[in-house]
Amino acid sequence: MDPWTRTVYEVVRAIPKGRVASYGLVAMLAGRARAARAVGNVMLECRDPSVPCHRVVHADGSLAPTFRDQRARLRREDVAFRGARVDLERALWAVRLPRADARADVRGRRAVRRRVRVSSSFDAPSSRRTIR
DNA sequence: GAAGTGACCGGGG
DNA sequence: CCCCCGGCCACTT
């Protein structure tokens, strides 16, 4: 599996249950801000069940027509819809910076340069939360 | 390398 | 609201 695909998988796995991210957002987090289209290509081929590909939607909340049970799978996670599209006001993943690393490797003074991981624990959905 | 093909995106009409 | 267009990126012919 190529690095691009691997990175995209990693980002998509970080989308919390009950939230969605747009292809463009996933692209950004994967380090290629304008590669939304390429993210779509990866999703199209994705058969890995550990990757919640149903949580990736269009920037306007609409879904890919060919992805049959996407809506059902989202509904099962209580994602709100407004007509045919996801209610992004409620369900869009609000990405946050990861904690400034409590668990930095202390052994050795050499700063460990590791890749920032997006954590799935951020922005877990809360039904009571109101935006704006 | 050129050309075509997407589960894309933003802006404009 | 909708549709369309140009730009975009990775992959395949």
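Below, each value reflects all heavy atoms present in this structure, side chains not excepted, and no hydrogens, waters or symmetry copies. Naming: A, B, ... by sequence-line order, numbering from 1 per chain.
Checking dC9(B), dA7(B), dA10(C) against every side-chain atom of W4(A), the shortest atom distance belongs to dA10(C). Of the candidates dC9(C), dG10(B), dA7(B), the closest approach to any side-chain atom of A64(A) belongs to dA7(B). In the set dC11(C), dC9(C), dA7(B), dC9(C) carries the atom at the smallest distance from any side-chain atom of A35(A).
With rounding to whole Å, L25(A) atom CG is found 17 Å from dC9(C) atom C1'. In this structure, R85(A) atom CZ and dC9(B) atom P are separated by 12 Å, rounded to whole Å. Atom NE2 of H58(A) is separated from atom C1' of dG6(B) by 11 Å (rounded to the nearest Å). Residue M43(A) contributes atom CE, which lies 15 Å from atom C1' of dC11(C) at whole-angstrom precision. One atom, OH of Y23(A), and another, C1' of dC8(B), lie 8 Å apart when rounded to the nearest Å. Atom CG in D48(A) sits roughly 19 Å away from atom P in dA7(B) (whole-Å rounding). Per the geometry, CG belonging to D60(A) stands 13 Å off P belonging to dG11(B), to the nearest Å. Taking atom CG of residue L88(A) and atom C1' of nucleotide dC9(B), one finds them 14 Å apart after rounding to whole Å.
Contact record, I15(A) with A21(A): CD1-CB, 3.7 Å, taken as the closest heavy-atom pair.
In this structure, dC1(C) makes no Watson-Crick or G-U wobble pair, since no nucleotide meets both defining distances under 3.5 angstrom.
For R37(A) and N41(A), each mapped to the nucleotide of DNA chain C holding its nearest heavy atom, the one lying further toward the 5' end belongs to R37(A).
Connection of F67(A) to L25(A) is not established within any shared hydrophobic cluster, with ILVMFWY side chains joined at heavy-atom distances below 4.5 Å, either directly or through further cluster members.
On a pure distance criterion of 3.5 Å, no polar donor-acceptor pair joins the side chain of R34(A) and the base of dG10(B).
Look at S22(A) and you won't find any side-chain N or O under 4.0 angstrom from OP1 or OP2 of dC8(B). When the side-chain nitrogen and oxygen atoms of R71(A) are compared with OP1 and OP2 of dA7(B), none of them lie within a distance under 4.0 Å.
Residue D2(A) is in sugar-phosphate contact alone, with no base atom involved, counting any heavy-atom pair closer than 4.0 Å across all strands shown.
Counting heavy-atom neighbours within 6.0 Å of R75(A) CZ, excluding the residue itself, gives a total above 12.
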Margin query: R37(A) vs Y23(A), test: side-chain contact (heavy atoms from CB on, under 4.5 Å). Steps then yes/no.
Written below: CA-CA 7 Å; R37(A) 201 148 198 166; Y23(A) 294 88; over 6 Å; no
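Each of V20(A), V57(A), V86(A) was checked for a side chain to side chain contact (heavy atoms under 4.5 Å, CB included) with Q70(A), and the lone residue meeting it is V57(A).
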